[in-house]
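Since the structure is predicted, the reported quantities are computational estimates derived from the model, not experimental observations. We name chains A, B, ... by the order of the sequence lines, and we start the count at 1 in each one.
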Amino acid sequence: MAAAIITLTTDFGLEDSYSAAMKGVILGINPEANIIDITHHIKSHNILEAAFIIDSVYSYFPPGTIHVVVVDPGVGTKRKAVILQTPSGYFVAPDNGVLSYILKDLAEKSIATQAAAITNPAYIKNHVSNTFHGRDIFAPAAAHISLGIPRSEFGEPLTSLMTFDVPVPQKTAGGALTGEVIHTDAFGNLITDIKESDLPAGRFSVILGNCVIPGLSRSYAEGGDFLALIGSSGRLEIAARNSSAAQKLGLDTGARVEIRAAAGERNL
Amino acid sequence: MAAAIITLTTDFGLEDSYSAAMKGVILGINPEANIIDITHHIKSHNILEAAFIIDSVYSYFPPGTIHVVVVDPGVGTKRKAVILQTPSGYFVAPDNGVLSYILKDLAEKSIATQAAAITNPAYIKNHVSNTFHGRDIFAPAAAHISLGIPRSEFGEPLTSLMTFDVPVPQKTAGGALTGEVIHTDAFGNLITDIKESDLPAGRFSVILGNCVIPGLSRSYAEGGDFLALIGSSGRLEIAARNSSAAQKLGLDTGARVEIRAAAGERNL
Amino acid sequence: MAAAIITLTTDFGLEDSYSAAMKGVILGINPEANIIDITHHIKSHNILEAAFIIDSVYSYFPPGTIHVVVVDPGVGTKRKAVILQTPSGYFVAPDNGVLSYILKDLAEKSIATQAAAITNPAYIKNHVSNTFHGRDIFAPAAAHISLGIPRSEFGEPLTSLMTFDVPVPQKTAGGALTGEVIHTDAFGNLITDIKESDLPAGRFSVILGNCVIPGLSRSYAEGGDFLALIGSSGRLEIAARNSSAAQKLGLDTGARVEIRAAAGERNL
């Protein structure tokens, strides 16, 4: 049997020993676990960014993968520590909205939330720090799941978890579509909440600030100074030819983007 | 049998191929080794920072783990390359003080230093570079230890290794306690050399520069703009609510911190 | 049998989920693959830097290792996706020059190029994004190679791949040798295209900008403010004592370096 895969997504950075402490704890419980870093560079306390990142990647992992997501400004307060079990695998996280995109996907597919609180002391470190549940609660829980401990053993069942309203594009009265930038990647590409299926059938323009981009390009190497394309996550993305669109446009996550049908084309 | 775990702590950064070269060498000797990065972001040549980081994390790994620590400004000079064997595992490092905290812990537990120089050419790369012993001496040594080669095979036994005086808090004549910041983490939390057991029993204030913090908070989400708490390493830590204490206070590693009993409380 | 090793070299950074998506795809195809990061910090679109990095490290991995190198500004255009098979292992990359140093080494050893295009849909993701062949083409190809699928199954054989002219040192009319800085590492060491075997037998000076360094040092801890030595890659390297030569000299990759025989010594 192949080793269980446990992924880590945190805002701990790589300068300290925090992510390594989680790995040590996991390997102490399940020495066969295959631990994969998603990223430790979520911006400090940025729950929505973590929610986007884990949503963008979980489906590329084999079924049964255990995803630990620790962006946790409320560590040590009364927010719950939870396990969410889904058809594609497990998510182990604070109940603070960091699974909002995952839960939205499940809701859209009418899949009931199967979750549990993590409270059973048998699966928690003996001495729990008030500042590092990643090491003392989430890592041990993930490692125990990888050993086959069922969700119900960890604590009381939960049928709903905290979610944020994730950004979704809106139709305007005039028939245009407005969305927003939900992630700026390391290349400076601006990734929006507009999916391929949201776009009009005919010709259209993409408008960000003063920049008007006529229709979609097929690749980063095509198009003018700025180009719009369907990125690898299936979302509309604005890029700059061989440079950073974010920097060149002075825009970042949260920026508004508008889709307007070309003259003579039908509105949405 | 589970794969041997080898951890890496260096100041090599992640932009070059240096840490990967170490991994290639290890896997060439023991293809089953499970290599875990602690961090490669120790500040260049900062031996004391590396000493703190490895001390903060080693105890979370399973017994027998092999920790390679390479912050080595003296590479190519006469400083020794050494293996330190302890009840919790092995440390493979230059003999330059990078194991100072580990050795202090052993001394406090009255555990004799069991170490060896790495000089046996059988366990060293054929052509040793004068600038990269991480790849040519430390990685091969760790890989050979993971194969079960005993410490005594690597070179002459050593009963003492080089150590720096690690910072420890001091009582002042007036009964206050002074310590210092020994690590600033990526969140900007200021971690001091003061342990929970060093603190007075009654009410006290924590004083850093112009900042006076009344007593301890239990979590980062509690307290005022600045707060003091016992962090995940069991040490007194100063944090800023949802931001960087280091930045807001303009302080960094080395800064002085003072614990003063509240009026009416007994001094230490 | 030990797990197949697959290494990753990209310009994706570690802030996004791109490198993790590649890992998920690989583990979905071969759950036993041992995935090792070389670096994800190649400067955006810097093909020559990636070419240098993979060349500097591949020989330290066991034979049969599969190296995936994705610095790919032309993703989605007509540039080919290729597999290069060599005596030391496999390279999976866009055909854009990123394997130039590897191909030069093979040519110097008179080893014919054994390569194939990756076009067989059986070994490619079902839905290929135009912007992320790392995930949809290169990662699946590497995973399938690790399962033993022969090169010839992936697509048409190729006997030549695209290469850039890699920098090589030149003799001047006056008998001096001129080279250039081909990589600046994270310590600020300036690594040149001059190999140990290129250097004159007698005494010589190394000249960079206004800086004249008399001969070679043996280690970073020896020599004056600036020193020249043979670095871990077997190339002439210029370093600054306990600091960054690049910063102190205001020089970077591309800077010219000259080797001039000392008075009374024979020229090259």
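Proximity to chain B is absent for every atom of C/Ser217, based on heavy atoms less than 4.5 angstrom apart. Interface remark: C/Ile191 contributes side-chain atoms only to the contact with chain B (heavy atom separation under 4.5 Å). The parts of C/Asn242 that come within reach of chain B are both its backbone and its side chain, each placing non-hydrogen atoms under 4.5 angstrom from that chain. With a 4.5 Å cut-off on non-hydrogen atoms, B/Ser129 touches chain C through its side chain but not through its backbone. Contact of C/Ile38 with chain B is made through backbone and side chain together, with heavy-atom distances under 4.5 Å. Looking at C/Ile230, only its backbone comes within 4.5 Å of chain B, counting heavy atoms on both sides.
With respect to chain C, the highest number of heavy-atom pairs below 4.5 Å among B/His127, B/Met22, B/Lys125, B/His45 belongs to B/His45.
Under a 3.5 Å cut-off, the side chain of B/Arg135 and the backbone N or O of C/Ser232 do form a donor-acceptor pair.
When the options C/Asn34, C/Asn30, C/Thr65 are evaluated for a side chain to side chain contact (heavy atoms under 4.5 Å, CB included) with C/Ser146, the one that passes is C/Asn30.
With respect to B/Lys78 and B/Asp95, no salt bridge is recorded, no charged nitrogen being found less than 4.0 Å from a carboxylate O. By the 4.0 Å N-to-carboxylate-O rule, C/Arg235 lies too far from C/Asp198 to be salt-bridged with it.
For the residue pair C/Ser219 / B/Asn130, no side-chain donor-acceptor distance below 3.5 Å is found, with atom types taken as modelled. Donor-acceptor pairing under 3.5 Å is lacking for the side chains of B/Thr113 and B/Thr159. Side-chain atoms of C/Ser44 and C/Asp11 form no donor-acceptor pair, as typed in the model, at a separation below 3.5 Å. One side chain, C/Asp185 or B/Tyr18, offers a donor N or O that lies under 3.5 Å from an acceptor on the other.
Residues of residues 49-61 of chain B lying under 4.5 angstrom from chain C, judged on non-hydrogen atoms, do not exist.
Annotation: C/Phe12 is not in aromatic contact with C/His41 [ring centroid separation under 6.0 Å not met].
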